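On a predicted model such as this, the values are computed, not experimentally measured, just so you know.
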Amino acid sequence: MRNKAENVVRRYVAAVNARDADAIIALLHPDCRFIDSHGFGIDGIDDCTDAVRAFMALGSNFRMHVEGISNNHGDILLRGHTEAEDASLATDTLWLARVEDGRLLYWQSFGESSAPALAHRLMPDKAEPLEDTPSIRIAN
């Protein structure tokens, strides 16, 4: 199970880096949740699908570079950085992922305080500040 969850997360990262929205969406659990580094969240497959498509429309050649990965009792923890033409999206980052039934259930980014509230930027009418999520900031 441990390796299966990590495999799903690695496939998700590869799909993001390939800019393959259909592959990303195929990996999403029906109850998925995306949370940005400012604690704004998008819930459910329909809104997360719209957020993926909006993200791809940004066209900023966004790439995730994972430098470390560990599995802590089902929480997949990733450390790395992002690069993008839009300098505000390029940052050192931590990610937390959870997989359920072979699909990505939860994805949270923990970036630098200067990073944009991406969920809010992608879906301003849907992204809500969430109070039940961990808060970690990476110092600039």
Side-chain angles (χ1 to χ4, degrees):
M1 180 67 168
R2 176 182 173 147
N3 289 336
K4 188 180 264 189
E6 287 180 28
N7 184 40
V8 169
V9 171
R10 290 179 191 278
R11 288 179 21 228
Y12 173 80
V13 171
V16 170
N17 287 345
R19 302 195 51 76
D20 187 341
D22 292 334
I24 295 168
I25 293 162
L27 289 169
L28 298 180
H29 188 279
D31 297 324
C32 58
R33 173 180 263 190
F34 288 149
I35 302 166
D36 68 23
S37 59
H38 291 267
F40 284 93
I42 299 170
D43 288 315
I45 189 69
D46 292 338
D47 288 342
C48 286
T49 294
D50 290 347
V52 167
R53 298 220 185 272
F55 182 74
M56 293 299 149
L58 290 177
S60 96
N61 290 329
F62 181 88
R63 291 195 52 82
M64 299 169 63
H65 298 279
V66 176
E67 296 153 3
I69 187 168
S70 64
N71 189 325
N72 183 22
H73 304 288
D75 287 339
I76 310 298
L77 308 169
L78 303 100
R79 175 184 45 82
H81 68 278
T82 57
E83 66 176 288
E85 289 173 11
D86 178 345
S88 71
L89 298 176
T91 182
D92 289 333
T93 308
L94 300 172
W95 299 280
L96 170 62
R98 292 187 187 115
V99 173
E100 186 173 297
D101 300 327
R103 296 242 177 111
L104 187 70
L105 176 66
Y106 184 93
W107 182 270
Q108 184 170 5
S109 298
F110 301 95
E112 296 176 358
S113 58
S114 61
L118 193 55
H120 192 264
R121 180 173 170 183
L122 296 174
M123 306 270 305
D125 296 339
K126 298 283 185 164
E128 297 285 333
L130 303 172
E131 297 182 19
D132 62 340
T133 59
S135 178
I136 298 172
R137 288 283 186 203
I138 299 173
N140 304 37

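The side-chain heavy atoms of Trp107 and Leu28, taken from C-beta on, include no pair separated by under 4.5 Å. Taking 4.5 Å as the limit, every side-chain heavy atom of His81 sits out of range of all side-chain heavy atoms of Thr93. The side-chain heavy atoms of Cys32 and Ile45, taken from C-beta on, include a pair separated by under 4.5 Å. A heavy-atom distance below 4.5 Å is found between the side chains of Ser109 and Trp95. Using a 4.5 Å cut-off on side-chain heavy atoms (C-beta onward), Leu58 and Arg121 make contact. Here the side chains of Leu96 and Ile35 are not in contact, with every heavy-atom distance at 4.5 Å or above. Between Ile24 and Tyr12 there is a side-chain heavy-atom pair separated by less than 4.5 Å. When side chains are defined from C-beta on, Met123 counts as touching Asp50, because their heavy atoms get closer than 4.5 Å.
A distance of 9.0 Å separates CZ in Arg10 from CD1 in Ile76, rounded to the nearest 0.5 Å. Within the model, atoms NZ of Lys126 and CD of Glu128 stand 9.5 Å from one another, a figure rounded to the nearest 0.5 Å. Arg33 CZ to Cys48 SG: the interatomic distance, rounded to the nearest 0.5 Å, is 9.5 Å. One finds the OG1 atom of Thr82 at 11.5 Å from the CZ atom of Arg63 (value rounded to the nearest 0.5 Å). Rounding to the nearest 0.5 Å places OG1 of Thr49 at 9.5 Å from CG of Asp22. Here the straight-line distance linking atom CG of Asp86 with atom CG of Asn61 works out to 11.0 Å at 0.5 Å rounding.
When every heavy atom of Pro30 is checked against every heavy atom of Arg103, the shortest pair comes out as CD-NH1, 4.2 Å. The two residues Phe40 and Ala117 make their nearest non-hydrogen contact at CD1-CB, 3.8 Å. Closest heavy-atom contact between Ala51 and Leu122: O-CD1, 3.7 Å. Shown here for Ala15 and Ala23, the closest heavy-atom pair between the two residues is CB-CB, 3.8 Å. Between Met64 and Asn17, the shortest heavy-atom distance links the atoms N-OD1, 2.6 Å. When every heavy atom of Val99 is checked against every heavy atom of Ala5, the shortest pair comes out as CG2-O, 3.6 Å.
Under the side chain to side chain contact (heavy atoms under 4.5 Å, CB included) test applied with Ile69, the options Leu77, Leu78, Val13 reduce to a single match, Leu78.
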Checklist entry - Is there a side-chain contact (heavy atoms from CB on, under 4.5 Å) between Arg79 and Leu94 once you walk through the steps? => result CA-CA 5 Å; Arg79 175 184 45 82; Leu94 300 172; 3.9 Å; yes

Checklist entry - Under the side-chain contact (heavy atoms from CB on, under 4.5 Å) criterion, do Asp75 and Arg98 qualify, and how do the steps go? => result CA-CA 5 Å; Asp75 287 339; Arg98 292 187 187 115; 2.5 Å; yes

Item to check | Candidate pair Arg53 and Ile25, rule side-chain contact (heavy atoms from CB on, under 4.5 Å), full reasoning | outcome: CA-CA 9 Å; Arg53 298 220 185 272; Ile25 293 162; 3.5 Å; yes

Checklist entry - Val52 and Phe34: side-chain contact (heavy atoms from CB on, under 4.5 Å), yes or no, with the steps? => result CA-CA 10 Å; Val52 167; Phe34 288 149; 3.8 Å; yes

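The backbone N or O of Ala119 lies less than 3.5 Å from a partner atom in the side chain of Asp36, making a donor-acceptor pair. A donor-acceptor distance shorter than 3.5 angstrom exists from the side chain of Arg19 to the backbone of Met56, with no hydrogens or angles considered.
Using bins of under 30°, 30° to 60° and over 60° for the plane-to-plane angle, the ring pair Phe62/Phe55 lands in the perpendicular bin.
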